[in-house]
Protein chains: 2
Amino acid sequence: MGAPGDFETLKQRLVEIEPSLPKRLKQTAAFALQHPDEIALGTASGVARRAHVQASTLVRFAQALGFAGFTELQGIFRTHLRTRWPEYPERLKALHARAPDPGDPMSLLLGFSESAVRSATALRAQIEPETLQGAVELLAQARVVFLLAQRRSFSVAHYLGYAFAQLGAPALLVDDVGGLGREQLALAGPQDAALAISFAPYSPVTLSLTAAARAHGAKIVAITDSALSPLAALADRRLEVVESDFGAFRSLSATFCLAMTLAVAVAERRGR
Amino acid sequence: MGAPGDFETLKQRLVEIEPSLPKRLKQTAAFALQHPDEIALGTASGVARRAHVQASTLVRFAQALGFAGFTELQGIFRTHLRTRWPEYPERLKALHARAPDPGDPMSLLLGFSESAVRSATALRAQIEPETLQGAVELLAQARVVFLLAQRRSFSVAHYLGYAFAQLGAPALLVDDVGGLGREQLALAGPQDAALAISFAPYSPVTLSLTAAARAHGAKIVAITDSALSPLAALADRRLEVVESDFGAFRSLSATFCLAMTLAVAVAERRGR
DNA sequence: AGCACTTTAGAACGGAAGTTCGCAAACAGA
DNA sequence: TCTGTTTGCGAACTTCCGTTCTAAAGTGCT
C-alpha cells in the first residue's frame, strides 16, 4: 500500500496502524496529530526535540506510514497547512458580519471563541498585580483551602480542586452534595482560607457557605464580577473578573485563567 | 535600522523601499507579497525558480530588508502563516518582555491568558463545520443526552449540565458519585445520546462508561484531543480539540467554547 | 559618442544544517 | 535464556544557504 496522499487519509491510516506501533512511534503519532503545524514548518531535528524523540524516529515514523522519508511526510502537512488557510478569513468575515444565521452552529462557535479571546485578553488589564499577589499569599499560608461555588461557577471550583490536588496543595471542594455543605465546612478554622467564586445572580448557597466559613474564622478570597457583589463584602481579598458575553451567554475563560494562575502560584509559593 | 519583527512591519517596509530597488529585487518583492506561503514553506532555490530569479537574489532581497539572510526572512513568513493573527506577535513579544520572572503570579496570569487566547483562536480552524453540524443533529435528536466526563474534563461536563438545564434541553450529568455511574446510565437506550469528554491521559472511568452507553445502544459524540484517542474509537461523531498549553498546564478554553456551542445549538435545534 | 566607474546579475564555491542509514545496546516476549 | 524487535547514537551523505568572484549592464562625465 502506498503513502497517504492527503491529510485526512493520513489521519485515517494513522488510526488504523497506531495500535500495532511501538512506543516511540505512538508517541510520535500523537505529537504529529496534536501539533501539525510544527511538523509542517519545523525541521526534523527541531520537531524531534519538541516531541522528545530521536530524529531518526521521525524518519521511521514516516516510513511506517509508507513515505520514503520525513521530507515526504512533511509535504502532506505543508499542503494541509496551506490549503486550510483560505477558508479562515471567510469565517472571520462571517463572524463580523454579525452572524447572518445566528442559529448556525459554526457562527455560534465563532462567537464564543471571539468572546473567550476578548475575556482572556481583558483579564490582563483587569487584575492588579498587588491584589493577585495578596490573594496568593493568603491562600498559600492557609492550612487548607476550601473551595466554594455553586451552579455556573461550580465547574471552576471543581477544576481548582483537581488542580490543587495535582499540585499537592491541600484543598477541599465544598460541593454541597446532599446538602452537606455546612458539614464539609465544619473543619474550617482560623488557620484556613476559603476561595469563593460567584457571579450575578449570586447563588444564595455560595453566599451563606462563605459567610459560614468566615464565621469559623477562615480568611476569604473572592472571585466575583464587581466590587458591589454581595460576595465582595465578605472577602478579605477580592479578585474582579469581567467576562465578555456572546448573546445571553457569558464566557468563563477569564475565570479559568485566573483559577489556574491561583492554583499554580499558590502551589509554587507553598513549595518554598 | 533593524529587520522587521512581524509580517505587517515587513510589508510596510517593503512598500517604503520598493521604488529604490533594482529590477530583480522589485520582482522578488512582488512575488513575496503575492505568494507568502511559498516563501514560508519552500526552500530558497525552490522559491527562486518559481519567482524566476537567482537564489542569491533572494538572499540579497532579505538583506535589503535588514535580515541576515533568507532564513531569517522566512521566519517572519512562517510565524505569520502559523499564527494567522496579524496583531498577535507584537503582543506576545510585549508579554514576554514584561514578564521575565516565570514564578511571579502576574506572569503566570499572562501566560495562561495567552494560552487561552491561542486555544480559542485555533479552535475556529480546527472544527469542521460539517462535523459540528453532525454532532448537533445527533444530540438534538436524542431523547436524553448523557454527559460523561471525569477528572479534568468533569468541569466541562458539569457546565454542560448546567447549560442544558438552563436551556430546557434534557441532559443528565453522569457524575459517578458514589460509583453509581453505571446505574445512572441504566436508563440509556437507542433513542439516547452520550456526550463524552476526555483528554490524555484518558480517564478509565470515562472510557468504560462510554463503552457502557454504547452497549445500551446510545449514540456517542466525543470531545477529545486526537483521532488516536481511545475515546475516538467509540464515537459516532468526533470533535477534536487541541488545547495550547502553558508550561505543564493545558488550557480548557477551547473545550468550553465548543461545549457552549453544542449546548446552544442543540437547544435551538430542538426548539424547532 | 566613448570611456571609466558604479551598480547589478549570474555562477560557482565553501561551510553548515539537515536527513538518512547502519550498528550496537536495550528491551520485551517466548 | 534466547531471539526478534525497537531504540538511541553517530557517521555519511545530501541539500541548502550565504558569500564571493566575475561578467554585464547602467550611468555620468568628458
Side-chain angles (χ1 to χ4, degrees), chain A residues 2-4 10 13-14 16-32 35-79 81, chain B residues 2-4 10 14 16-32 35-82 228:
Chain A
L10 188 148
R13 169 79 52 89
L14 212 45
E16 283 167 25
I17 67 167
E18 196 262 356
S20 68
L21 251 37
K23 191 174 126 206
R24 290 282 127 134
L25 293 195
K26 275 186 181 151
Q27 189 180 331
T28 310
F31 183 87
H35 307 279
D37 296 6
E38 301 279 337
I39 308 254
L41 294 172
T43 71
S45 42
V47 174
R49 217 173 317 117
R50 305 208 52 172
H52 304 291
V53 296
Q54 291 291 112
S56 50
T57 306
L58 286 179
V59 176
R60 290 180 190 124
F61 174 69
Q63 286 166 347
L65 283 164
F67 297 100
F70 177 75
T71 315
E72 228 178 70
L73 169 93
Q74 197 176 36
I76 302 292
F77 281 80
R78 290 191 165 178
T79 55
L81 182 65
Chain B
L10 188 151
L14 210 46
E16 283 167 23
I17 66 168
E18 198 263 358
S20 67
L21 250 36
K23 191 174 132 207
R24 295 283 143 168
L25 294 196
K26 272 184 185 156
Q27 189 179 331
T28 310
F31 184 85
H35 308 279
D37 46 338
E38 297 280 337
I39 308 256
L41 295 173
T43 70
S45 46
V47 174
R49 215 173 319 116
R50 305 209 47 172
H52 304 292
V53 296
Q54 289 292 113
S56 49
T57 306
L58 286 180
V59 176
R60 286 194 270 264
F61 174 68
Q63 287 166 345
L65 283 163
F67 298 100
F70 177 73
T71 314
E72 230 177 68
L73 170 96
Q74 198 177 33
I76 301 293
F77 281 79
R78 290 195 164 177
T79 56
H80 173 64
L81 181 62
R82 174 157 29 196
L228 296 178

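Naming convention: chains lettered A, B, ... in sequence-line order (proteins, then strands); numbering from 1 in each chain.
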Between [X] ([atom1]) and [N] ([atom2]), how many Å, whole number?
| X | N | atom1 | atom2 | result |
| --- | --- | --- | --- | --- |
| A/F70 | C/dT19 | CZ | C1' | 9 Å |
| A/F61 | D/dG8 | CZ | P | 15 Å |
| A/L73 | C/dT19 | CG | P | 12 Å |
| A/F67 | C/dT19 | CZ | P | 16 Å |
| B/L25 | C/dA9 | CG | P | 6 Å |
| B/L58 | D/dC16 | CG | C1' | 12 Å |
| A/L21 | D/dT6 | CG | C1' | 11 Å |
| A/I39 | C/dG18 | CD1 | P | 16 Å |

Can you measure from [atom1] ([X]) to [atom2] ([Y]) and round to the nearest 0.5 angstrom?
| X | Y | atom1 | atom2 | result |
| --- | --- | --- | --- | --- |
| A/R24 | A/H52 | CZ | NE2 | 10.0 Å |
| B/L81 | B/F77 | CG | CZ | 10.5 Å |
| A/K26 | A/S20 | NZ | OG | 8.0 Å |

[X] vs [N]: side-chain N/O to OP1/OP2 distance below 4.0 Å:
| X | N | value |
| --- | --- | --- |
| A/R24 | D/dT6 | no |
| A/Q54 | D/dG10 | no |
| A/T71 | C/dT20 | yes |

What nucleotide among D/dT6, D/dG10, D/dC17 has an atom nearest to a side-chain atom of B/T43?
-> D/dC17

Which of the following nucleotides, D/dG10, D/dC16, C/dA11, is nearest to the side chain of B/S56?
-> C/dA11

With a 4.0 Å cut-off on heavy atoms, is A/Q63 in touch with a base, just the backbone sugar-phosphate, or nothing at all?
-> sugar-phosphate

Of B/T57, B/L21, B/V47, which meets side chain to side chain contact (heavy atoms under 4.5 Å, CB included) against B/T28?
-> B/T57

Student check: side-chain heavy atoms of B/L58 and B/L73 closer than 4.5 Å | no

Comparing A/R60 with A/R49, nearest DNA chain C nucleotide closer to 5' gives the residue A/R49

